[in-house]
*Asks:* 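Below you'll find the structure I mean.
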Amino acid sequence: MPELLEVEAYRRAAAGVVGREVAAAHTPDAWFLKGGLTATAVLDVLGGARIVAAERWGKLLLLPLDRGPVLGLRFGMTGRLVVDGRAPIERLEYGPAQDRPEWVRFGLRFVDGGVLELVDPRRLGGVELDPSLDALGPEASTVTVTELRRALGRSGAPLKAVLLDQARVAGLGNLLVDETLWRAGLDPTRPAGGLSAEEQRRLARTVRATVRELGRRGGSHTGDLQDRRRRGGDCPRCGEPLVRGVVGGRTTYHCGACQR
DNA sequence: ATTGTGGCCTGCCCGC
DNA sequence: TGCGGGCAGGCCACAA
C-alpha cells in the first residue's frame with residue numbers, strides 16, 4: 001500500500017466528500033467486500049447516508065457515516081483512491097501505469113454528482129463495514145518511545161518483522177521500515193526485544209522523523225535508500241554493497257556495515 | 001502466544 | 001514476438 005503516507009494523502013482527498021450524501025454504490029466485485037459485507041448491505045447502509053469525517057489509523061481509511069456505521073477502506077499493495085476524478089497519487093511505485101475501468105473495485109456516487117472510487121488492479125485491498133480497530137497498534141507517525149518499547153517487548157522476532165506487524169505499530173510498510181532502520185543504523189534481523197534503551201529511543205525518534213520527512217518529500221518511495229534498493233545497490237552513506245535478503249517475509253535491503 | 005510460511009490476485013519486466 | 005519466471009509499498013489463515 002500504500003503505506004501510512006499514501007493513505008494519509010487518500011484521507012486528505014476523502015475529506016472532500018465529508019458532508020456529502022451517498023446516492024449510489026458501485027460494487028462490481030463481491031470478493032472486494034470483506035467481513036461478510038454484501039452489495040445489498042452496502043446499498044442499505046450507505047444509500048442516503050452522509051459521510052461525516054475522513055480519518056486514518058495506520059493504513060486503514062475510515063469514513064464514519066451519520067447513521068453510525070463506519071466505512072473502512074484498505075488499499076492492499078496497489079490500491080488508489082480517486083475522488084471526483086482526481087487522484088492524489090497518480091501512480092504507485094510498483095503499480096501499473098495505466099488506469100483501466102475494470103480495476104475500479106468499489107465506488108460511491110454522491111447526490112451532488114461527485115464520485116469516490118477505489119482502484120485496485122491486484123484486488124488485495126478491500127471494503128469493510130465497522131472494521132475492528134482492536135488489532136491495530138499505536139500510530140507510527142507519532143509513536144513514543146514508551147509505545148515502541150511495549151511493541152518490541154521481549155520479542156525474539158526480527159526487528160523488521162515487528163515494525164511491519166500492524167498489531168504492534170500501525171502504518172509502516174516495507175519501504176518505510178527499510179529506510180527507517182537504515183537511518184537508525186539498526187540491523188533488521190536483530191531480535192526486536194534485544195535493543196538497548198538508547199537504541200529504543202533512537203528508533204522511536206527515527207520512525208517519526210522518517211515518516212515526517214518522506215511525507216514532505218511526497219511518499220514512502222522518496223527515501224535516501226530507495227534508488228539503491230535493487231540488486232547491486234550500494235549504501236548511500238558508506239558505499240558498501242547492500243545486503244539483500246528476506247526478513248519478515250519481505251524483500252529487505254540493509255547495509256551490513258552501517259546497520260548493527 | 002508467538003513466529004514463520006504460504007497463499008491470495010494481477011500486472012509488468014526481464015531473459016530466452 | 002511469445003512465453004515463463006520472478007517480482008511487487010499488504011494481509012490473512014494456518015502450522016509448528
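Chain letters run A, B, ... following the sequence lines, proteins first, then strands; residues in each count from 1. Keep in mind that this is a model prediction, so the values were computed, not measured.
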*Asks:* To the nearest Å, give me how far apart CG (Asn174(A)) and C1' (dC7(C)) are.
*Replies:* 12 Å

*Asks:* Given the structure, check if the side chain of Arg123(A) and the base of dC9(B) hold any donor-acceptor pair shorter than 3.5 Å.
*Replies:* no

*Asks:* Is NZ or CZ of Arg237(A) both nearer than 6.0 Å to the six-membered ring centre of Trp182(A) and within 45° of the ring axis?
*Replies:* yes

*Asks:* When rounded to the nearest 0.5 angstrom, what distance separates OG1 in Thr206(A) from CZ in Arg183(A)?
*Replies:* 8.5 Å

*Asks:* Can you tell me if Thr78(A) touches the phosphate of dA8(C), counting only side-chain N or O atoms and a distance under 4.0 Å to OP1 or OP2?
*Replies:* no

*Asks:* Looking at Glu128(A) and Leu71(A), would you say the former's side chain and the latter's main chain have a donor-acceptor pair under 3.5 Å?
*Replies:* no

*Asks:* Wobble G-U and Watson-Crick pairs count when both distances are under 3.5 Å; given that, what is the 5' to 3' dot-bracket string of DNA chain B, with | for pairing to other strands?
*Replies:* .|||||||.|||||||

*Asks:* To the nearest Å, give me how far apart CZ (Arg74(A)) and P (dC9(B)) are.
*Replies:* 18 Å

*Asks:* Quick one: Tyr10(A) OH to dG10(C) C1', roughly how many Å, whole number?
*Replies:* 13 Å

*Asks:* Name the one of His221(A), Glu179(A), Gln226(A) that satisfies side chain to side chain contact (heavy atoms under 4.5 Å, CB included) with Leu214(A)?
*Replies:* Glu179(A)

*Asks:* Does a donor on one side chain sit under 3.5 Å from an acceptor on the other, for Arg244(A) and Tyr253(A)?
*Replies:* yes

*Asks:* Inspect the surroundings of CZ in Arg230(A) and state if more than 12 heavy atoms from other residues, nucleotides or ligands are less than 6.0 Å away.
*Replies:* yes

*Asks:* In whole Å, what is the span from the CD atom of Glu93(A) to the C1' atom of dG11(B)?
*Replies:* 15 Å

*Asks:* Just compare dT3(B), dC12(B), dA8(C) and give me whichever is closest to any side-chain atom of Pro96(A).
*Replies:* dC12(B)

*Asks:* Of the options dC8(B), dT10(B), dG11(B), whose atoms approach the side-chain atoms of Trp31(A) most closely?
*Replies:* dC8(B)

*Asks:* Which one, dT10(B), dA8(C), dG10(C), comes nearest to the side chain of Trp103(A)?
*Replies:* dT10(B)

*Asks:* What's the closest nucleotide to the Met77(A) side chain, out of dG4(B), dC8(B), dA8(C)?
*Replies:* dA8(C)

*Asks:* Looking only at atom P, what distance separates dG5(C) and dG7(B), rounded to whole Å?
*Replies:* 15 Å

*Asks:* Using a 4.0 Å heavy-atom cut-off, does Arg80(A) contact any base of the nucleic acid, only the sugar-phosphate backbone, or nothing at all?
*Replies:* nothing

*Asks:* Regarding Pro191(A), tell me which of base, sugar-phosphate or nothing describes its non-hydrogen contacts under 4.0 Å with the strands shown.
*Replies:* nothing

*Asks:* Please state how far atom CG in Leu92(A) lies from atom P in dT10(B), giving the value in whole angstrom units.
*Replies:* 18 Å

*Asks:* Is it true that atom CZ of Arg100(A) has more than 12 heavy atoms of other residues, nucleotides or ligands lying nearer than 6.0 Å?
*Replies:* yes

*Asks:* Is there a donor-acceptor pair under 3.5 Å between the side chain of Lys59(A) and the backbone N or O of Arg56(A)?
*Replies:* no

*Asks:* For atom P, what is the distance between dC7(C) and dT5(B), given to the nearest Å?
*Replies:* 16 Å

*Asks:* In whole Å, I'd like the distance from the OH atom of Tyr94(A) to the P atom of dG6(C).
*Replies:* 18 Å

*Asks:* Assign Gly125(A) to base, sugar-phosphate, or nothing according to its heavy-atom contacts below 4.0 angstrom with the strands shown.
*Replies:* nothing

*Asks:* When the distance from CG of Asp165(A) to C1' of dA13(C) is rounded to whole Å, what number comes out?
*Replies:* 15 Å

*Asks:* Would you please confirm or rule out a distance under 4.0 Å between OP1 or OP2 of dC12(C) and any side-chain N or O of Lys34(A)?
*Replies:* no

*Asks:* Between CZ of Arg202(A) and CG of Leu148(A), what distance do you get to the nearest 0.5 Å?
*Replies:* 12.5 Å

*Asks:* Of all of residues 130-149 of chain A, which get a heavy atom below 4.0 angstrom from DNA chain B, listed by number?
*Replies:* none

*Asks:* Is Arg168(A) near enough to dT3(B) that one of its side-chain N or O atoms lies under 4.0 angstrom from OP1 or OP2?
*Replies:* yes

*Asks:* For atom P, what is the distance between dG6(B) and dG6(C), given to the nearest Å?
*Replies:* 14 Å

*Asks:* Please evaluate residues Lys160(A) and Thr189(A) with respect to the criterion side-chain hydrogen bond (donor to acceptor under 3.5 Å, both in side chains), reporting the C-alpha separation (whole Å), side-chain torsions for both, the decisive distance (0.1 Å), and the verdict.
*Replies:* CA-CA 7 Å; Lys160(A) 173 167 176 175; Thr189(A) 64; over 6 Å; no

*Asks:* Starting from P on dG6(C), measure out to CZ on Arg250(A) and report it in whole angstrom.
*Replies:* 19 Å

*Asks:* Taking the six-membered ring of Phe110(A) as reference, does the cationic atom of Arg20(A) (NZ for Lys, CZ for Arg) lie under 6.0 Å from its centre and within 45° of its axis?
*Replies:* yes

*Asks:* Base, sugar-phosphate alone, or nothing: which one does Arg100(A) contact when heavy atoms must sit under 4.0 Å apart?
*Replies:* sugar-phosphate

